[in-house]
Protein chains: 2
Amino acid sequence: MEGIVNNVEVSIMEKRLAKYAKALGHPVRIQILNILNQQSCCFNGYLTEIIPFAKSTISQHLKSLKEAGLIQGEIMPPKIRYCLNKDSWEEAQQLFKNLFNSQKL
Amino acid sequence: MEGIVNNVEVSIMEKRLAKYAKALGHPVRIQILNILNQQSCCFNGYLTEIIPFAKSTISQHLKSLKEAGLIQGEIMPPKIRYCLNKDSWEEAQQLFKNLFNSQKL
DNA sequence: TATATCTATCGTAATTTCACGATATAAAAA
DNA sequence: TTTTTATATCGTGAAATTACGATAGATATA
């Protein structure tokens with residue numbers, strides 16, 4: 001019998017978690033977040049000096065972290081200072097925690 | 001001065017975490033892991049019934065979770081039962097925890 | 001005003017991801 | 001043995017990701 005199909009739509013929370021996870025899904029972005037998390041903020045220049053990739057590549061990674069909401073950039077001409085977005089960071093932390101604790105998302 | 005450049009290579013742990021995060025970076029895969037985490041194991045058939053995507057698509061997602069080491073499949077002909085890989089799951093949990101606690105990776 | 005500095009964006013090429021239907025495989029059931 | 005069932009794999013196309021150098025923009029500094 002082809003009866004009732006329980007199509008369980010992906011929940012909003014699952015989508016949010018996936019979005020955060022995707023943003024964390026590259027070693028360079030992990031490294032950036034690690035640095036920001038240890039010293040709260042830092043200048044783009046510091047990142048491009050430390051991370052062995054082209055500046056444009058690092059800009060791109062910063063952009064995807066920004067689009068995921070995990071970081072924000074503050075313009076301090078001519079430099080740009082990046083910081084964690086504390087609210088999103090904490091939301092992400094909570095969502096991952098719930099996942100691993102098998103709380104219903 | 002173009003002096004010493006502190007190329008801080010991405011660490012092994014950052015790579016492992018990125019690998020896990022990437023595997024978590026899709027809503028369907030989060031949903032699958034959520035189910036497996038709540039009931040420990042389940043049959044592929046249950047997933048394909050519940051998740052509104054083609055069976056081949058779900059197989060693909062299961063494959064990427066398997067390749068990331070997060071799950072394993074046990075053949076129980078003609079069905080296949082998927083379970084979390086407990087070791088990897090716990091390693092991932094620890095790595096995410098460390099990230100958010102800003103422990104050095 | 002002209003120049004230097006810092007960063008973002010553009011254009012591009014190679015690769016990967018995502019979704020699908022069709023096909024293949026392997027074991028149970030008829 | 002043939003058929004059914006359950007799942008994986010193949011082939012495909014569209015879209016996204018990743019890396020780069022070149023270019024552009026905005027603000028200090030000379």
Side-chain angles (χ1 to χ4, degrees), chain A residues 1-3 5 7 9-10 14-15 17-33 35-36 41-68 70-83, chain B residues 1-3 5 7 9-10 14-15 17-33 35-36 41-68 70-83:
Chain A
M1 71 131 181
E2 287 287 329
V5 178
N7 264 2
E9 280 264 340
V10 176
E14 285 169 331
K15 280 185 191 163
L17 178 50
K19 187 191 67 176
Y20 287 130
K22 192 174 182 182
L24 297 179
H26 190 288
V28 166
R29 294 197 292 268
I30 292 285
Q31 201 183 358
I32 291 171
L33 290 171
I35 290 167
L36 291 183
C41 292
C42 80
F43 290 104
N44 181 315
Y46 176 68
L47 298 173
T48 58
E49 200 184 304
I50 271 195
I51 299 171
F53 283 99
K55 292 171 190 210
S56 55
T57 302
I58 294 171
S59 264
Q60 234 175 209
H61 285 303
L62 288 168
K63 190 181 179 189
S64 63
L65 288 171
K66 226 186 311 177
E67 282 172 357
L70 286 171
I71 68 172
Q72 54 202 29
E74 189 189 342
I75 297 169
M76 299 178 72
K79 301 186 176 184
I80 295 188
R81 197 172 68 147
Y82 282 101
C83 309
Chain B
M1 74 133 179
E2 287 286 329
V5 178
N7 264 1
E9 281 263 339
V10 177
E14 285 170 330
K15 281 185 189 161
L17 178 51
K19 188 192 68 178
Y20 287 130
K22 192 174 184 182
L24 298 178
H26 190 288
V28 166
R29 294 197 292 269
I30 291 285
Q31 200 183 359
I32 291 170
L33 288 171
I35 291 167
L36 289 183
C41 292
C42 80
F43 290 104
N44 182 317
Y46 175 69
L47 299 173
T48 58
E49 199 183 306
I50 270 195
I51 299 172
F53 284 99
K55 291 169 191 215
S56 55
T57 301
I58 294 170
S59 264
Q60 233 175 210
H61 285 303
L62 287 168
K63 192 181 177 189
S64 61
L65 288 172
K66 227 187 310 176
E67 281 171 356
L70 286 170
I71 67 171
Q72 55 203 30
E74 189 189 343
I75 298 169
M76 299 177 70
K79 299 186 177 183
I80 295 188
R81 196 173 70 146
Y82 282 101
C83 310

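Each chain gets a letter, A, B and so on, in the order the sequences are listed, and its residues count up from 1.
Without hydrogens or angle criteria, A:R29 side chain to A:A23 main chain gives a donor-acceptor distance under 3.5 Å.
Look at CD1 on B:I80: it is 7 Å from C1' on D:dA8, rounded to the nearest Å. As a whole-Å value, the separation of A:Y82 OH from C:dC6 P is 15 Å. Between the CE atom of A:M76 and the P atom of C:dT5 there is a distance of 20 Å, given to the nearest Å. In this structure, NE2 of A:H26 is placed 18 Å from P of D:dA16, rounded to the nearest angstrom. If you take CZ of B:F43 and C1' of D:dT5, they are 14 Å apart, rounded to a whole angstrom. Distance, B:E49 CD to D:dT7 C1': 15 Å, rounded to whole Å. One interatomic measurement links the two molecules: OH of A:Y46 to C1' of C:dT7, which rounds to 19 Å at whole-angstrom precision. For the pair B:I75 CD1 and C:dT25 C1', the interatomic distance rounds to 11 Å; values are reported in whole Å.
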Original post:
How far apart are the C-alpha atoms of A:C42 and A:L36, what are their side-chain angles, what is the distance that settles it, and do they pass the side chain to side chain contact (heavy atoms under 4.5 Å, CB included) test?
Top reply: CA-CA 6 Å; A:C42 80; A:L36 291 183; 3.8 Å; yes
**OP:** Walk me through it: do A:I32 and A:H61 pass the test side chain to side chain contact (heavy atoms under 4.5 Å, CB included)?
**Re:** CA-CA 9 Å; A:I32 291 171; A:H61 285 303; 4.3 Å; yes
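Which of D:dC20, C:dT7, C:dC20 sits closest to the side chain of B:A54 comes down to C:dC20. In this structure, of C:dA8, C:dA22, D:dT7, it is D:dT7 that holds the atom nearest to the side chain of B:S59. Ranking D:dT17, D:dG21, C:dG21 by closeness to the A:K22 side chain, first place goes to D:dT17. Of the candidate nucleotides D:dC10, D:dG21, D:dT18, D:dT18 has the atom lying nearest to any side-chain atom of A:H61. When distances run from any side-chain atom of A:F53 to the nucleotides D:dA8, D:dC20, C:dA8, the shortest one goes to D:dC20.
A distance of 6.0 Å separates OH of B:Y20 from CG of B:L70, quoted to the nearest 0.5 Å. Atom CG of B:N44 is separated from atom CZ of B:R81 by 13.5 Å, given to the nearest 0.5 angstrom.
Among the heavy atoms of the strands lying under 4.0 Å from A:R29 are primed sugar atoms or P, OP1, OP2 only; no base atom is included.
For the pair B:S56 and C:dC20, the criterion of a side-chain N or O lying under 4.0 Å from OP1 or OP2 is not met.
Not a single donor-acceptor contact under 3.5 angstrom links the side-chain atoms of A:Q60 to the base of C:dA8.
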